[in-house]
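In what follows, a single structure is set out as structure tokens and then discussed.
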Amino acid sequence: MANTNNAWDVGSVHQRLGVTPIINAAGSITRLGGSRTRPETLQLMSQAARVMVNIDDLNRAAGKELARLTGAEAGFVCSGAAGGLVLQAAAVIAGNDPVKMRQLPNTDGLKNEIVIHTMHRFPYDQAYRAAGAHLVEFGDYLFAHPWQLEGAINERTAAVAYLVAPFSSNKVLPLERVCEIAHARDVPVIVDAASMLPPRANLYRYLRDGADMVVYSGGKGIRGPQGSGILVGRADLIEAAAAQANPAQFLGRGMKVAKEEVIGLVASLAAFVEEDEAAEMEAYRAMVQPVVDALVELPGLRVTLEHDRVNYLLPQAAIYVTDDWRGPSRDAVLAALEQGNPQIHLQTLAGPQELAVDPLNLTEAEVETVIRRLREELTRQG
Ligand SMILES: *Cc1c(COP(=O)(O)O)cnc(C)c1O
């Protein structure tokens with residue numbers, strides 16, 4: 001390959017590959033790039049990539065740091081939250097018994113059932129099945145009662161899984177109640193809180209509610225390495241998870257985390273914990289307020305700045321189409337933005353009549369472009 005001076009300039013690499021950068025106003029969506037990694041993290045990673053270390057020692061030391069930062073007994077840097085879910089299941093099914101560990105994902109004869117709210121079934125729960133878990137649902141699509149959870153737990157139960165995510169149902173049993181019921185039967189509770197940071201309070205909350213292991217994404221709101229994750233919790237379970245992860249040649253070996261990613265994740269979490277959340281949120285608010293100001297007077301739309309810390313983890317500009325709206329449909333606007341130049345992706349999680357601009361991955365220049373394109377498409381005459 002010709003090695004011209006600018007061969008590794010990212011713009012020219014994208015161009016050579018035929019990959020066009022997009023504007024991601026949708027938040028920390030993996031398919032749209034995840035999040036912008038902290039610059040100081042990237043600098044550290046480029047140094048750490050060139051220093052050889054014993055990976056077991058590094059993993060242990062990094063785990064201690066994650067534990068310190070989250071108040072957990074122990075921690076482990078996993079390959080994204082999804083990789084952490086596989087390790088959670090492997091840990092509760094096989095412990096650190098090498099005979100059982102080698103048998104995975106075949107779980108014949110092992111405690112292999114993971115109990116989960118029907119309302120918590122979601123595509124990522126395949127990660128539990130990847131370790132050989134059988135999912136046992138309780139409750140229905142609208143309700144769940146304590147007796148249903150009690151009835152689903154038996155001598156084959158390895159854990160109860162619990163999902164915390166924006167827009168997941170609030171009709172589920174509270175985590176504290178689930179932990180009470182599971183612990184009374186000596187069953188651990190494993191939590192997926194992948195996208196719940198910030199707010200920082202969520203770093204401590206689920207363990208305090210009784211969870212035995214919690215997983216967070218490293219590549220979402222904390223802006224660590226995109227391929228990293230945080231697994232924290234009970235020391236024996238974390239030890240069992242680590243025993244099956246890279247560099248050990250067990251089930252988790254296919255989910256390797258590079259040494260520089262381990263360092264990058266720890267540094268990112270430390271920086272995240274130290275940041276002033278009020279100032280951070282104020283900066284995000286200032287970023288999306290111009291979107292509200294630019295669109296608020298369009299008749300038939302309701303445009304507001306929203307910061308509901310359950311559903312919207314960051315302040316967002318939310319655009320609601322009301323009955324009085326006479327312009328193009330929400331989906332037509334979305335499609336036009338996604339197919340335009342540059343491609344712009346907005347957040348659509350909140351419902352069929354709503355759009356939101358999430359500031360996580362935007363620069364100020366990109367906000368200007370989003371405003372210009374939104375105005376163009378919203379005021380387009382059919
Ligand atoms: C994003 C997400 C994951 C996957 O996280 P990665 O770090 O990308 O592997 C898993 N569970 C939930 C609920 C998520 O939102």
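Read the numbers this way: they start at 1 and go in the same order the structure lists the ligands and their atoms. Just so you know, these numbers come straight off a predicted model, no measurement behind them.
- The N/O atoms of K220, backbone and side chain alike, include one that comes under 3.5 Å of an N/O atom in ligand 1.
- At under 3.5 Å, not a single nitrogen or oxygen of Y124, backbone or side chain, sits near a nitrogen or oxygen of ligand 1.
- Under a 3.5 Å cut-off, the side chain of D57 and the backbone N or O of N54 do not form any donor-acceptor pair.
- Here is the list of ligand 1 atoms found below 4.0 Å of a heavy atom in T30: 8 (O).
- Ligand 1 has no N or O atom lying under 3.5 Å from any N or O atom of A165, backbone or side chain.
- Put simply, the side chain of Q316 does not reach to within 4.5 Å of the side chain of V288, judged on heavy atoms.
- Listed by atom number, the atoms of ligand 1 under 4.0 Å from S195 heavy atoms are 15 (O).
- With rounding to the nearest 0.5 angstrom, the CG atom of L203 is 6.0 Å from the CG atom of L269.
- Residue-ligand proximity, A194 to ligand 1, at heavy-atom distances under 4.0 Å covers atoms 2 (C), 3 (C), 10 (C), 11 (N), 12 (C), 14 (C), 15 (O).
- Considering only non-hydrogen atoms, atom 7 (O) of ligand 1 lies nearest to S217 out of G34, A127, G219, S217.
- Ligand 1 has an N or O atom lying under 3.5 Å from an N or O atom of A81, backbone or side chain.
- Side chains of Y320 and V303 form no contact here, defined as non-hydrogen atoms less than 4.5 Å apart.
- Remark: ligand 1 atoms within the under-4.0 Å shell around heavy atoms of A82 are 4 (C), 5 (O), 6 (P), 9 (O).
- Here the straight-line distance linking atom CZ of R285 with atom CE of M281 works out to 8.0 Å at 0.5 Å rounding.
- Counting heavy atoms from C-beta on, the side chains of I116 and V136 never come closer than 4.5 Å.
- Scanning the protein heavy atoms around atom 11 (N) of ligand 1, the nearest turns out to be D192 OD2, 2.6 Å.
- Assignment of Q226 to the shell around ligand 1 is not supported, since no heavy atom sits closer than 4.0 Å.
- With D125 as reference, L135 is the one residue of L85, L135, I114, D192 to meet the side-chain contact (heavy atoms from CB on, under 4.5 Å) rule.
- Heavy-atom proximity to L163, at under 4.0 Å, picks out these atoms of ligand 1: 13 (C).
- Proximity of a side-chain donor or acceptor of N361 to a complementary backbone N or O of A26 within less than 3.5 Å is not detected.
- Listed by number with element, the atoms of ligand 1 under 4.0 angstrom from any heavy atom of G80 are 7 (O), 9 (O).
- The shortest distance between side-chain heavy atoms of V333 and L374 falls below 4.5 Å.
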